[in-house]
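See below for the structure under consideration.
Since we're looking at a predicted model, the values are computed, not measured. Reckoned from all heavy atoms, side chains included, excluding hydrogens, waters and symmetry mates.
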Amino acid sequence: MLDTVRKNPLGKGQNGSVVAQNGTLNPRLLVLQARRVFVTTLLYAALLSACISLLQLTMPLFMMQVYDRVLNSQSIDSLTALTVLAIGALLVYGVLEFIRALSFQAMGSAVTRRLNLPLLTAAVQASVDQGVSRATQSLRDLTELRGFLTSPAVSAPLDAAWAPIFLGALYLLHPVLGVLGTISVALLLCCGVVTDLLTRQLMKEANQANIESVSKIGASLRHAEAIEAMGMLPALARRWRSAQMHALDLLETSGNRSRAMASITRALRYIIQVATLATGALLVLKQEVSPGVMMASGILVGRLLQPFDSVIENWRQWVLAIASWRRIETALNEDLAVRQAMPTPHSQGDLIVDKLVYAAPGMDVPIIKGVSFSLSPGEVLGLVGPSAAGKSTLARLLVGILKPTSGGIFLDGNNVFLWERSSFGRVTGYLPQSISLLEGTIRDNIARMDDSDPHRVLEAARQADVHDMIGRLPLGYDTPVGDGHLTLSGGQRQRVALARCLYGRPRLIVLDEPNANLDAVGERALIRAIEKARADGAIVVMIAHRPTIMEVADKLLILENGRITQFGPRTDVVASMTSGQPSREVVAS
């Protein structure tokens, strides 16, 4: 069982992904398989729990035999035999407990290994589509879920499920003891229900308030310079403090109620054990049971009630774990894009945009409205238009970041959105408007954080004309960049990002405002890089406002209000703009 969970925890395919029959990554199948491995392991652990519960009868049985037989017969041989049998049973009990703990650990590790990458992908896609940063919270949810699955809290309900074994043993000893045990279980179950009623909603609200507070703080800190420069910190601090105090108040209230009920339950359990011993003593005085039965009944009642006490004490962990799983399930089902899991070979063909429509989530009016055009290898397209025309959205659609509402974009016949991301990244280069370098070295960033071939890194750096600039950095290509490391200027970051875009000689290159932070020297280097990519047979799409960079374009596309108003050879479009007549190729839209 443990080997099965470790080797194939979620029914993964040969490429390590949960895929549907059509070769696409299926989020719902991923969730279903995660549930299946949880249920399978839980059933396996339940069988172990049954054996463990039976073996826990060893102590009361041993005590009964010692009190009723050994002490009366004064037989050392009987005592020796009983002791050996008891020790053997308890050793088996320890081994089964260890195996059960290993099964939960294997399940937690398997779920984490299989869900961490899809969950991170879903969080990144949610950030792209909705502007919501969920990566930190999603990974925290997964870590908390794994911690819960490997904690003693998860096994308490399994032990409680086999409580009838001990209850039956009490009835066998004496019906009065069995009735007392039944009443005791009912009282603890009522305490559990009351705990749930008192804390569930509060804990849900507190958890949500805490998540929102942390998310808002993280989002605001990305604008630390503006906050510090314009003195916004005191006002933001008051807002953060108010939100955190609200979450803390809810947590404290729910925690106090939960702890109060746990204390009441524990005190009630001890009172019940005292009452059991007292009842057993009374039955002994009436000569209805033996002293051994009296002692055994105390142990049996303690063992009968302990799992219910543990369930109530760990109820908060169960509620938080269920909430974490629901957020994970929601993220996978709603945010994880359905893409192909089968890698697509390196290709070189036309780029075809066919009747493309895109509406942002929650919006009725499309941003891109029926755009169609095509480009062949070795062509450079200049994409221009007024602000809010949809140029950056079109760029993100071209590289498969956003999912089209209708229509599609095809590179050599392959849908760019459905294309498996690793293989698509090897044929695509993208320079976004907002430049950011990841935590690592200059070489890591140019090589897209992959194991880099030094020759390809140098080739990309030279094509972007950034090799000499990197050579002047403290450690050259091994210079660390990112938070807490060397801070590059805007122009330097843009040129390093351009080298990253050109790494591996991609077939489709999309540049969004590539010269925004460049000086005249940097812009000339950019033009040379574009000309070299064109000569190499790449398709280049660039968005820019400066007319100088557009001189390298073969074709121009003018986008206004999400529609193509003009498209065709650059000279024809420029001439039509000068004369006020539409381009003859605008019908392509």
Side-chain angles (χ1 to χ4, degrees), residues 44-103 152 155-156 158-188 266-311:
Y44 175 69
L47 293 176
L48 290 176
S49 298
C51 298
I52 289 171
S53 297
L54 289 172
L55 289 170
Q56 285 182 337
L57 293 173
T58 300
M59 285 303 298
L61 291 175
F62 177 75
M63 188 167 291
M64 284 179 57
Q65 296 303 315
V66 170
Y67 269 86
D68 296 341
R69 295 181 182 276
V70 174
L71 293 182
N72 289 334
S73 65
Q74 297 184 355
S75 170
I76 296 178
D77 292 338
S78 297
L79 178 62
T80 303
L82 287 171
T83 302
V84 171
L85 287 174
I87 291 175
L90 292 175
L91 287 175
V92 174
Y93 160 81
V95 171
L96 293 181
E97 275 277 19
F98 178 66
I99 293 174
R100 184 174 69 171
L102 282 183
S103 67
S155 61
L158 298 179
D159 294 331
W162 295 107
I165 292 176
F166 302 97
L167 197 59
L170 285 171
Y171 274 104
L172 288 175
L173 293 179
H174 197 280
V176 173
L177 296 174
V179 171
L180 182 60
T182 303
I183 295 173
S184 303
V185 170
L187 287 174
L188 289 191
R266 186 164 299 171
L268 181 61
R269 182 161 67 93
Y270 290 142
I271 291 172
I272 290 169
Q273 287 182 277
V274 170
T276 302
L277 288 174
T279 303
L282 182 61
L283 293 173
V284 170
L285 293 176
K286 292 182 176 182
Q287 297 184 349
E288 295 184 23
V289 297
S290 65
V293 169
M294 178 189 70
M295 300 303 297
S297 65
I299 297 176
L300 283 171
V301 167
R303 181 60 190 82
L304 171 68
L305 301 182
Q306 191 274 333
F308 296 96
D309 187 17
S310 179
V311 168

Indicate the atoms forming the closest heavy-atom contact of L55 with A89, along with that distance.
CD2-O, 3.8 Å
Just verifying a value: how many Å separate Q273 CD and L300 CG, rounded to the nearest 0.5 Å?
11.0 Å
Flag, side chain of S103 to backbone of R100, donor-acceptor distance under 3.5 Å:
yes
Any side-chain heavy-atom pair of I52 and E97 under 4.5 Å:
yes
Please determine whether the number of non-hydrogen atoms from other residues, nucleotides or ligands lying under 6.0 Å from atom CG of L285 exceeds 12.
yes
Looking only at heavy atoms, what is the nearest atom pair of S49 and L158, with distance?
OG-CB, 3.5 Å
Separation between CG of L61 and CD1 of I299, rounded to the nearest 0.5 Å:
9.5 Å
Which atom of F308 lies closest to which atom of V185, heavy atoms considered:
CZ-CG1, 3.8 Å
Report the distance from atom CZ of R69 to atom OG of S290, rounding to the nearest 0.5 Å.
9.5 Å
Nearest heavy-atom pair of L277 and G298: which atoms, and what distance?
CD2-CA, 4.0 Å
To the nearest 0.5 Å, tell me how far T83 OG1 sits from L79 CG.
4.0 Å
Please report the shortest heavy-atom distance between Q65 and L82, naming the atom on each side.
CB-CD1, 3.5 Å
Do L180 and V301 come close enough that some side-chain heavy atom pair is under 4.5 Å?
no
Going from OG on S184 to CD1 on I271, what distance comes out if it is rounded to the nearest 0.5 angstrom?
11.0 Å
Starting at CE of M294, measure out to NE2 of H174 and round the result to the nearest 0.5 Å.
14.0 Å
Testing the basics here: between M64 and V293, what is the closest heavy-atom pair and its distance to 0.1 Å?
CE-CG2, 4.0 Å
Going by atom type alone, with no hydrogens or angles, which donor-acceptor pairs under 3.5 Å involve a side-chain atom of residues 165-173 and a protein atom two or more places apart or on another chain?
| residue | atom | partner | partner atom | Å |
| --- | --- | --- | --- | --- |
| Y171 | OH | T182 | OG1 | 3.0 |

So, the side chain of S310 versus the backbone of Q306: is there a donor-acceptor pair under 3.5 Å, distance only?
no
Is it the case that the side chain of W162 and the backbone of L54 share a donor-acceptor pair, with hydrogens and angles ignored and the cut-off at 3.5 Å?
no
